[in-house]
Participant: 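If you scroll down you'll find the structure; I have some questions about it.
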Amino acid sequence: MARNEVPVEKRFPVLVQITRASHFAWRQAVVDLCPGCDPVAVVNRMWEITGHDTAAAYVKRLDPKKPLAMQFAKSIEWSSQCMGEDAESLPGAKEGEALLKHHGCPWCEWHKRLGLLAEDRPGCDIWFKTAIDDINAKLGTKLRFETTESLPEGGGCCLRRFWVEP
C-alpha cells in the first residue's frame, strides 16, 4: 500500500502518538544539552505556554452569557477526544458546575512508562490554571477548577470540577 493510500483512521492515531513522543524527546534533549537546567521547570513552562494558547483558542468560542463551566469542560472534552483521550463532560452536583472526567489518558501512560509520573498531574493542573486565568482576564469572569481525582495518583480517572464564583 502506498503512503498516500493509508487511511486517515490509521494515520491519525499514529500522528497523535508521534506528537506525544516528540514532547518527551525534546524533554530529553533539554536534559542532555542543558545539564544545569531543571527539566521539570521546563516542562511546567511548556504547559503554561500551552495554557495561554488554549485560552486564546477557546475564548473565541465561549459565550459568557451561557454557563461557562460547562462550556469550558466541553471544550476540553472535545480537544481531549481529538487527541485520542477518553474524556467526557458531565453536569456537577450544583447548578452551574461541570465535571470533566478522563477515564484513561495516553499522557499518563507515557509518563508512567518513562518514569516521569510525578510530572503528569502538575502539568495538567498548570495547563488548566493558565487557560482559566487567561479566560477570566479576557471575559471578566471567575471560572475556577479543582482536581478531585487523578490517574497518576492511583485514581480510577482524572476528575476535575469547574464552577464560576459570583
Side-chain angles (χ1 to χ4, degrees), residues 12-13 15-24 26-27 38-59 61-64 66-139 141-166:
F12 185 74
L15 177 61
V16 170
Q17 290 293 40
I18 289 169
T19 301
R20 287 190 187 94
S22 295
H23 165 82
F24 292 100
W26 74 252
R27 185 199 182 283
D38 176 4
V40 174
V42 174
V43 168
N44 289 345
R45 177 66 178 135
M46 185 279 307
W47 286 117
E48 185 179 355
I49 291 167
T50 302
H52 291 305
D53 292 343
T54 299
Y58 287 3
V59 78
R61 294 173 179 86
L62 297 173
D63 182 348
K66 294 182 179 175
L68 187 59
M70 185 55 82
Q71 286 182 82
F72 185 78
K74 285 191 174 295
S75 295
I76 297 291
E77 173 190 36
W78 182 84
S79 296
S80 295
Q81 289 176 354
C82 286
M83 293 182 286
E85 299 167 14
D86 184 4
E88 68 175 321
S89 55
L90 305 160
K94 299 177 184 172
E95 187 175 336
E97 269 186 0
L99 303 174
L100 179 67
K101 188 175 191 178
H102 283 82
H103 300 278
C105 180
W107 286 102
C108 185
E109 294 167 19
W110 275 82
H111 280 104
K112 186 176 183 178
R113 186 172 72 236
L114 297 173
L116 301 170
L117 199 54
E119 292 180 18
D120 189 86
R121 177 184 168 179
C124 289
D125 284 349
I126 290 166
W127 174 48
F128 281 111
K129 181 184 181 326
T130 303
I132 287 170
D133 286 350
D134 284 7
I135 288 167
N136 285 335
K138 185 75 171 177
L139 299 180
T141 53
K142 293 182 181 177
L143 180 62
R144 303 288 188 246
F145 90 101
E146 69 174 338
T147 300
T148 61
E149 187 175 356
S150 77
L151 290 163
E153 296 170 339
C157 66
C158 284
L159 185 63
R160 291 182 171 86
R161 181 177 73 96
F162 303 95
W163 71 96
V164 177
E165 289 182 356

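We're numbering straight along the sequence, starting at 1. What you see is a predicted model; the values in this text were computed from it and never measured.
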Participant: Taking atom CD as the centre, does Glu95 end up with more than 12 heavy-atom neighbours from other residues, nucleotides or ligands that are less than 6.0 angstrom away?
Facilitator: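 No - once you tally the heavy atoms of other residues, nucleotides and ligands closer than 6.0 Å, there are 12 at most.
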
Participant: Return yes when atom CZ of Arg113 has more than 12 non-hydrogen atoms of other residues, nucleotides or ligands closer than 6.0 Å, and no otherwise.
Facilitator: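 Atom CZ in Arg113 is crowded, with more than 12 foreign heavy atoms closer than 6.0 Å.
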
Participant: At what distance, to the nearest 0.5 angstrom, does CD1 of Ile76 lie from CD of Gln71?
Facilitator: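 It is 12.5 Å, given to the nearest 0.5 Å.
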
Participant: Can you name the nearest heavy-atom pair linking Thr147 to Arg121, along with the distance?
Facilitator: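 Looks like CB-NH2, 3.3 Å.
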
Participant: Output, in order, the C-alpha distance, side-chain angles, deciding distance and verdict of side-chain contact (heavy atoms from CB on, under 4.5 Å) for Asp120 and Leu116.
Facilitator: CA-CA 7 Å; Asp120 189 86; Leu116 301 170; over 6 Å; no

Participant: Name all residues meeting the side chain to side chain donor-acceptor pair (under 3.5 Å) criterion together with Glu97; count only those two or more places apart in sequence or in a different chain, and write none if there are none.
Facilitator: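 Partners of Glu97 under the side chain to side chain donor-acceptor pair (under 3.5 Å) test: Arg161.
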
Participant: Taking only residues two or more places apart in sequence or in another chain, which ones pass ring-ring contact (aromatic ring centres under 6.0 Å, His included) with Phe128?
Facilitator: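 Once residues adjacent in sequence are excluded, the partners of Phe128 under the ring-ring contact (aromatic ring centres under 6.0 Å, His included) criterion are Phe145, Phe162.
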
Participant: Check for a donor-acceptor pair, side chain of Glu149 on one end and backbone N or O of Gly156 on the other, with a separation under 3.5 Å.
Facilitator: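 Pair found, side chain donor or acceptor close to backbone of Gly156.
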
Participant: Would you say Pro152 and His111 make side-chain contact, with heavy atoms under 4.5 Å?
Facilitator: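 Answer no - side chains too far apart.
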
Participant: Going by the angle between their ring planes, with limits at 30° and 60°, are Tyr58 and Phe72 parallel, tilted or perpendicular?
Facilitator: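 Perpendicular.
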
Participant: Evaluate the side-chain proximity of Arg27 to Met46: yes if any heavy-atom separation is below 4.5 Å, no if none is.
Facilitator: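 Met46 does not reach Arg27 side chain to side chain.
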
Participant: Mind checking whether Ile126 and Arg45 have side chains closer than 4.5 Å, heavy atoms only?
Facilitator: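 No, too far: nothing below the 4.5 Å cut-off.
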
Participant: Going by ring-ring contact (aromatic ring centres under 6.0 Å, His included), name the pairs with one or both residues in residues 73-99, residues two or more places apart or in two chains.
Facilitator: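 ring-ring contact (aromatic ring centres under 6.0 Å, His included) check on residues 73-99 returns no pairs.
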
Participant: Check whether any side-chain heavy atom of Ser75 sits under 4.5 Å from a side-chain heavy atom of Ser89, and report yes or no.
Facilitator: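 Side-chain contact under 4.5 Å: no.
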
Participant: Would Glu109 and Lys112 pass as an ion pair if we require N to O under 4.0 Å?
Facilitator: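 Between Lys112 and Glu109 there is no salt bridge, as every charged N stays at least 4.0 Å from the carboxylate O atoms.
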
Participant: Is it true that Lys138 and Asp134 make a salt bridge, defined as a side-chain N closer than 4.0 Å to a carboxylate O?
Facilitator: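 Looking at Lys138 and Asp134, the cut-off is not met.
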
Participant: Indicate, with yes or no, if the rings of Trp110 and His23 have centres closer together than 6.0 Å.
Facilitator: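 No, ring centres 6.0 Å or more apart.
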
Participant: Could you check whether any side-chain heavy atom of His102 comes within less than 4.5 Å of a side-chain heavy atom of Cys108, counting everything from C-beta outward?
Facilitator: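 Sidechains of Cys108 and His102: no contact.
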
Participant: Looking only at heavy atoms, what is the nearest atom pair of Gly51 and Thr130, with distance?
Facilitator: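 For Gly51 and Thr130, the tightest heavy-atom pair comes out as C-CG2, 3.9 Å.
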
